[in-house]
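Since the structure comes first, as structure tokens, the remarks are kept for the end.
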Amino acid sequence: MKLKIAFLACLFAASIFSPSLAIQDTNSSYGGSGEDIYIDNDTYKLYKKITKDERLIQAVETMKGGLSDYSRNAILGDNLTGKPVKLEFRDLSQLNPAYASFDALGWKQKEQLYIFINIKHQDAPKEALASVLSHEAIHQDELNSLNEETYCWTLEAAVWTNFTEKNPNLENINHPLVDRENTIKRLFIKGNYSDKYIRKSVLSNAGYQSLPSRSPGFEDEDL
């Protein structure tokens, strides 16, 4: 995992200096942060296989390039199941009352992966949604660990930090999902763009106390 975090930090540093690309969307005008993203028809048809929600389509398009590419490709089908991940906004309490306050949830039913975003976030900026999706797309099986959560939260923080480097106004948007992203961004920066303080937060999170230290793909960090 040290190598993964180091690679993530290097990729983040490089992406700060990468130019942003405006992409035309001929089917949707929802932008979240106030900017329209345009998607060509072929790509739009591909996205319709994973979700019918225009806001989530915009979020996935926002993930294209840089830090979010692996997660975007995983959502499109390059994951352990080999199938596209289904995305939707959901009242998470319907799955389990204990999930009511969750911001998002990865779910696997048989061989189908799902990412459910709390319905209260359906009006969140597309960049905040993209950051959460980048996190959740890493979870591709029933096994989880403290190492895996640390990596996922660090990736999410790096993605959001990258978005806000390009558009500082994003972190001033009054929205609970933006509050979440700003919080983990502060931990990421406090740790000198590493997982140092994010790991401490994961280890102290009551919801993760039953997790093992390691899971497949995340075995190589000493806790």
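Keep in mind the model is a prediction, meaning the values are calculated, not measured.
Asp91 and Ser93 share a side-chain donor-acceptor pair at under 3.5 Å.
Between Arg72 and Met63 the shortest heavy-atom distance is N-CE, 3.6 Å. Residues Leu67 and Ala158 approach most closely at CD1-O, 3.4 Å, considering heavy atoms. Between Pro84 and Gln112, the shortest heavy-atom distance links the atoms O-NE2, 2.9 Å. Minimum interatomic distance between Ile37 and Lys126 (heavy atoms only, all atoms of both residues): CD1-CE, 3.0 Å.
In this structure, the separation between CG on Leu46 and CG on Asn41 is 12.5 Å, given to the nearest 0.5 Å. Going from atom CD1 of Ile115 over to atom CD1 of Ile50 covers 8.5 Å, rounded to the nearest 0.5 Å. Distance check: Leu76 CG to Ser71 OG gives 11.0 Å after rounding to the nearest 0.5 Å. In this structure, CG on Asp141 lies 10.5 Å from OG1 on Thr81, to the nearest 0.5 angstrom. Between Ser134 atom OG and Tyr70 atom OH the span is 12.0 Å, to the nearest 0.5 Å. For the atom pair Arg214 CZ and Leu143 CG, the distance stands at 14.5 Å (nearest 0.5 Å).
Looking at Phe163 and Val159, their side chains come closer than 4.5 Å, going by heavy atoms from C-beta outward. Inter-residue side-chain proximity for Leu146 and Pro212 is flagged as unmet; no heavy-atom pair is nearer than 4.5 Å. Proximity of Ile117 to Arg90: side-chain heavy atoms (C-beta onward) are nowhere separated by under 4.5 Å. Between Leu105 and Leu95 there is a side-chain heavy-atom pair separated by less than 4.5 Å. Side-chain contact between Leu170 and Val178: absent, with no pair of heavy atoms (C-beta onward) separated by less than 4.5 Å. Here the side chains of Thr43 and Glu61 are in contact, with some heavy-atom distance below 4.5 Å. No side-chain heavy atom of Asn147 sits under 4.5 Å from any side-chain heavy atom of Ser215. The side-chain heavy atoms of Glu149 and Asn144, taken from C-beta on, include a pair separated by under 4.5 Å.
Open room surrounds NZ on Lys196; 12 or fewer heavy atoms of other groups in view lie less than 6.0 Å from it.
Using cut-offs of 30° and 60° on the angle between ring planes, the pair Phe116 and Trp107 is tilted. Below 30°, between 30° and 60°, or above 60°: for Phe218 and Tyr151 the angle between ring planes is between 30° and 60°, a tilted geometry. Between Trp153 and His135, the ring planes are perpendicular. Angles over 60° get that label, and only those under 30° would be called parallel.
Considering Ile57, Asp53, Ile75 in turn, Ile75 is the only one that fulfils the side chain to side chain contact (heavy atoms under 4.5 Å, CB included) rule with Leu87. The side-chain hydrogen bond (donor to acceptor under 3.5 Å, both in side chains) test with Thr164 is passed by exactly one of Glu171, Lys185, Glu127: Lys185.
In this structure, Leu133 is not a member of the same hydrophobic cluster as Leu80, with clusters built from ILVMFWY side-chain heavy atoms closer than 4.5 Å. One hydrophobic cluster, built from ILVMFWY side chains closer than 4.5 Å, holds both Ile138 and Trp160.
Figure legend: cation-pi geometry between Lys86 and Tyr114 absent, as NZ or CZ is not positioned both under 6.0 Å from the six-membered ring centre and within 45° of its axis.
Judged as a ring pair (Phe, Tyr, Trp, His ring centres under 6.0 Å), and not counting sequence neighbours, Phe89 has no contacts.
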* Report the C-alpha distance between Tyr47 and Tyr44 in whole Å, list the side-chain angles of each, state the deciding distance to 0.1 Å, and finish with yes or no for ring pair (Phe, Tyr, Trp, His ring centres under 6.0 Å). => CA-CA 5 Å; Tyr47 290 159; Tyr44 185 79; 7.8 Å; no
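Among residue pairs with one or both ends in residues 93-119, those qualifying as salt bridge (charged side-chain N to carboxylate O under 4.0 Å, His left out) are Asp103-Arg180, Lys108-Glu142; sequence neighbours excluded.
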